[in-house]
Number of protein chains: 2
Amino acid sequence: MRSTSLTEAFPAHTPAASQIFTTVLSHGPLTRSEIAGRTQLSAAAVTKAVRPLIEAGYLVEDVAEDARQPVLGRPANPVRVDGGRALFLGIKVTGDELIAVLTDLCCRIRVARRVPLTSREPKAVLTSVAGLVQELLTEADGFGVQVRGLGIAVSGDVDRAAGVVRYSPFLEWRDVPLAELAATTTGLPVTLDNDVRALTVAEQWFGAGVGLSDFALVTVGAGIGCGLVVHGQVVAGAHGVAGEIGHVAIDPAGPRCHCGNRGCVEAIASDPAIVGRIREVTGASVADATAALALAHDGDPGAREVYARAGAAIGRGIATVANLLGPERVIISGEGLAAYDLFAEQIRDAFAAAAFGSAADCDVQTRPLPFEEWARGAAATAIQSFTTSDAR
Amino acid sequence: MRSTSLTEAFPAHTPAASQIFTTVLSHGPLTRSEIAGRTQLSAAAVTKAVRPLIEAGYLVEDVAEDARQPVLGRPANPVRVDGGRALFLGIKVTGDELIAVLTDLCCRIRVARRVPLTSREPKAVLTSVAGLVQELLTEADGFGVQVRGLGIAVSGDVDRAAGVVRYSPFLEWRDVPLAELAATTTGLPVTLDNDVRALTVAEQWFGAGVGLSDFALVTVGAGIGCGLVVHGQVVAGAHGVAGEIGHVAIDPAGPRCHCGNRGCVEAIASDPAIVGRIREVTGASVADATAALALAHDGDPGAREVYARAGAAIGRGIATVANLLGPERVIISGEGLAAYDLFAEQIRDAFAAAAFGSAADCDVQTRPLPFEEWARGAAATAIQSFTTSDAR
DNA sequence: GGCCCTTATTTTCTGCTGTCAATGAAAGAA
DNA sequence: TTCTTTCATTGACAGCAGAAAATAAGGGCC
């Protein structure tokens with residue numbers, strides 16, 4: 001066990017130090033002069049900010065890599081984040097299970113766990129969360145490092161600053177102060193955020209959004225969601241709602257959506273929408289998305305057509321985002337990606353057709369993010385809170 | 001004439017001073033303690049930042065308003081921007097005319113001018129701009145204050161930082177370094193920006209967007225455009241394209257748009273689209289938007305129906321923006337607002353139907369902005385450059 | 001090995017910003 | 001007149017970040 005106490009603060013008290021740490025965290029090992037270049041700070045400022053971070057053990061100097069080609073002048077000393085210096089927990093709460101991960105400071109998953117939920121009542125969920133946290137804290141003891149924060153991700157309208165779930169349709173919650181409740185129960189600092197935004201933070205810091213100031217993350221699956229990063233910050237929306245690409249209406253003649261509207265992307269391309277439509281079209285008794293996928297892979301033309309339409313809907317939705325925001329990149333992810341071979345072409349075609357002018361230059365890429373990634377996103381928000389809270 | 005030279009810099013060298021000036025500019029007269037509250041700075045910092053601005057004449061202390069109700073304690077001394085301290089020019093370049101305004105530092109229009117364009121060639125336009133600037137500079141002499149900057153607004157893909165018009169369909173320009181050309185010709189510091197973004201800046205600083213960190217400005221007219229402010233900054237897009245609400249596709253069965261796609265908002269609700277559709281539907285020989293409007297106001301049911309559809313399209317477009325970004329407010333403006341009584345209801349209904357969850361809490365308001373406002377927007381960008389350039 | 005060249009990092013010094021706490025100012029109230 | 005209240009200013013000070021100069025750490029060359 002380390003001798004550090006839980007109250008020990010992260011030693012990045014200045015914006016510069018905070019920025020430097022984040023830069024190193026995202027961009028792997030960097031020499032001090034590379035840091036200076038990236039952050040627009042002077043080399044002197046970097047030296048001064050890095051020292052306390054190294055002394056506190058959050059950064060370490062890389063041992064000289066032998067593989068480095070010899071260059072003129074004094075060799076540079078790369079610095080990197082010591083992932084093992086701290087641990088974090090991330091929990092994604094869905095309607096019927098909890099997915100949890102224990103990660104290190106670099107947000108690498110060390111342990112993953114799933115627990116089914118028996119009830120959606122806040123109290124019952126809280127109990128399950130507490131149990132899961134206890135379990136993972138025990139695991140964490142094995143690493144000899146303290147867990148410094150817990151991130152919780154919930155779908156729906158979540159107020160991160162207040163730590164309150166304003167409204168979650170899946171859980172049927174309204175105004176549940178989950179952050180405070182969980183903090184009291186677990187004794188850990190808790191960061192609560194919307195699930196898609198949490199995943200977006202993880203992508204921004206550790207994934208395909210690294211270094212980009214404007215990108216979008218589209219998740220395809222049971223619902224269609226979208227996390228947006230504009231001006232380098234995750235968009236939260238003035239009323240807590242943003243990135244609702246699933247309810248962008250692309251066809252007035254389309255199927256009715258559970259939101260009451262017609263032709264939402266989600267009413268065409270979400271797993272339930274696809275399954276339902278395949279049932280209608282083929283008459284087959286398709287149980288779930290897996291069965292639907294199997295049917296389409298078996299070559300059923302009706303099923304394939306449904307997937308094709310879904311792809312076109314997603315492509316149009318993405319084009320809408322591109323037309324409005326002009327992001328540098330769009331990352332497509334989610335469980336629905338399992339069907340990617342069935343609608344990739346349609347996504348691409350619909351996007352290309354509907355994107356206006358140079359908005360079409362936007363780089364659209366796919367990235368399979370296993371379900372644990374959502375929990376990892378929650379952990380990323382905890383890391384974010386930990387490394388910036390004291391630095392405001 | 002003042003004794004100040006053109007090279008005299010704006011005396012806000014620190015971020016704090018810049019922020020304070022902008023706050024006072026947008027929020028009218030403010031006492032020092034109100035400034036401190038709004039900017040999260042200490043009262044001492046405000047005092048120190050305000051002094052040089054007052055000494056340089058950019059801020060003045062309001063004479064005590066007698067109408068103020070007597071309050072306990074020392075009366076506060078409100079400070080406001082002295083609009084008369086500097087003048088700016090703004091020019092909006094359209095396909096067939098130049099619209100120019102001379103404004104003061106508070107962006108109040110002092111003189112407005114219009115000049116038809118005989119050619120769209122960059123050289124010819126530049127000559128017209130130079131002539132117009134000369135004329136307005138002469139007018140400005142009458143005020144005894146120097147003109148400190150020129151803003152130029154052009155529709156299309158404009159790179160503000162580089163001062164280059166990348167591509168303007170209306171002018172048929174590609175990669176014209178207009179800022180540099182105009183600066184050389186006129187001897188003024190030139191700020192070049194996209195027209196909708198310029199108008200958005202004006203709204204953000206002086207209009208219905210004051211104090212909001214997230215809002216959208218939708219312009220309806222010959223085209224349908226949209227300026228977005230997210231996290232307090234105007235969105236420019238990674239590839240120079242953003243806010244293309246006009247090319248958000250809302251109906252796969254809709255009319256073909258000049259962009260090649262089907263069912264774009266612009267293909268349904270722009271002036272040319274409305275005029276064309278009214279011709280089709282009624283068979284009447286409608287010359288332009290004014291004639292179309294007259295026909296609808298006369299009660300022609302076909303024409304009214306076309307406007308109703310246009311309203312629904314705009315409402316759906318706005319709902320798309322609200323779903324994706326969750327802005328606090330959407331401001332609808334543009335020449336097309338002349339027909340507002342014909343589609344207001346449809347805009348509202350379509351928006352309410354298509355907005356998801358609390359995205360519908362977004363405040364949708366209309367604001368008639370006469371055509372000179374576009375030129376005023378250009379002037380606002382010049383003011384922005386002037387007051388922040390030296391401040392880093 | 002000694003010396004020079006180059007690049008990386010650190011040190012030292014300095015300017016400057018913004019905060020803190022105390023003080024002055026300008027009313028109305030007692 | 002004196003007190004109270006609120007607004008504004010002052011002066012001391014901590015601390016950040018930049019500039020320039022110094023130092024470190026290699027390789028190459030004689």
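In the text below, chain A, chain B and the rest are named by the order of the sequence lines, each starting its count at 1.
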If I take atom [atom1] in residue [X] and atom [atom2] in nucleotide [N], what distance separates them, rounded to the nearest angstrom?
X       : N      : atom1 : atom2 : result
A/Glu61 : C/dA8  : CD    : P     : 15 Å
A/Arg51 : C/dT12 : CZ    : P     : 10 Å
B/Leu41 : C/dT17 : CG    : P     : 13 Å
A/Ile20 : D/dC16 : CD1   : C1'   : 12 Å
A/Gln19 : D/dA17 : CD    : C1'   : 12 Å
A/Glu34 : C/dA8  : CD    : C1'   : 11 Å
B/Leu30 : D/dC7  : CG    : P     : 13 Å
B/Asn77 : C/dA27 : CG    : C1'   : 12 Å

Just the table, please: protein N/O against nucleotides 19-26 of chain D N/O, every pair under 3.5 Å.
{"from": "D/dA24", "atom 1": "N3", "to": "A/Arg74", "atom 2": "NH1", "distance (Å)": "3.4"}

Just report the end-to-end axis angle for the helix from C/dG1-D/dC30 to C/dA30-D/dT1, five pairs per end, to 10 degrees.
->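 The end axes of the helix from C/dG1-D/dC30 to C/dA30-D/dT1 are about 30° apart, to the nearest 10°.
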Non-neighbouring partners of [X] that pass side-chain contact (heavy atoms from CB on, under 4.5 Å), sequence neighbours left out:
X        : value
B/Ala208 : B/Glu203, B/Arg329, B/Ile331, B/Gln365, B/Arg367
A/Ala153 : A/Asp195, A/Ala198, A/Ala378
B/Ala238 : A/Glu328

Side chain of A/Ala16: nearest nucleotide among D/dA17, C/dG18, D/dA8?
->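 Of all the options, the side chain of A/Ala16 is nearest to D/dA17.
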The side chain of B/Thr47 lies closest to which of these nucleotides: D/dT10, D/dC7, D/dG18?
->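 Nearest to the side chain of B/Thr47 among the choices is D/dT10.
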Set of salt bridge (charged side-chain N to carboxylate O under 4.0 Å, His left out) partners for [X], sequence neighbours left out:
X        : answer
A/Arg166 : A/Asp159, A/Asp175
B/Arg51  : none
A/Arg80  : A/Asp62

Only pairs at least two apart or in different chains count here, so list each ring pair (Phe, Tyr, Trp, His ring centres under 6.0 Å) that has a residue in residues 28-57 of chain A.
->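 Sorted result for residues 28-57 of chain A: empty, none.
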Of A/Leu325, A/Leu212, A/Thr200, A/Asp214, which meets side-chain contact (heavy atoms from CB on, under 4.5 Å) against A/Val229?
->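 Exactly one candidate clears the test, A/Thr200.
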Nearest heavy-atom pair of B/Ala16 and B/Leu41: which atoms, and what distance?
->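 In terms of heavy atoms, the two residues are closest at CB-CD1, 3.8 Å.
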Side-chain N or O of A/Arg32 less than 4.0 angstrom from OP1 or OP2 on C/dT7?
->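 Checking A/Arg32 against C/dT7: no side-chain N or O falls below 4.0 Å of OP1 or OP2.
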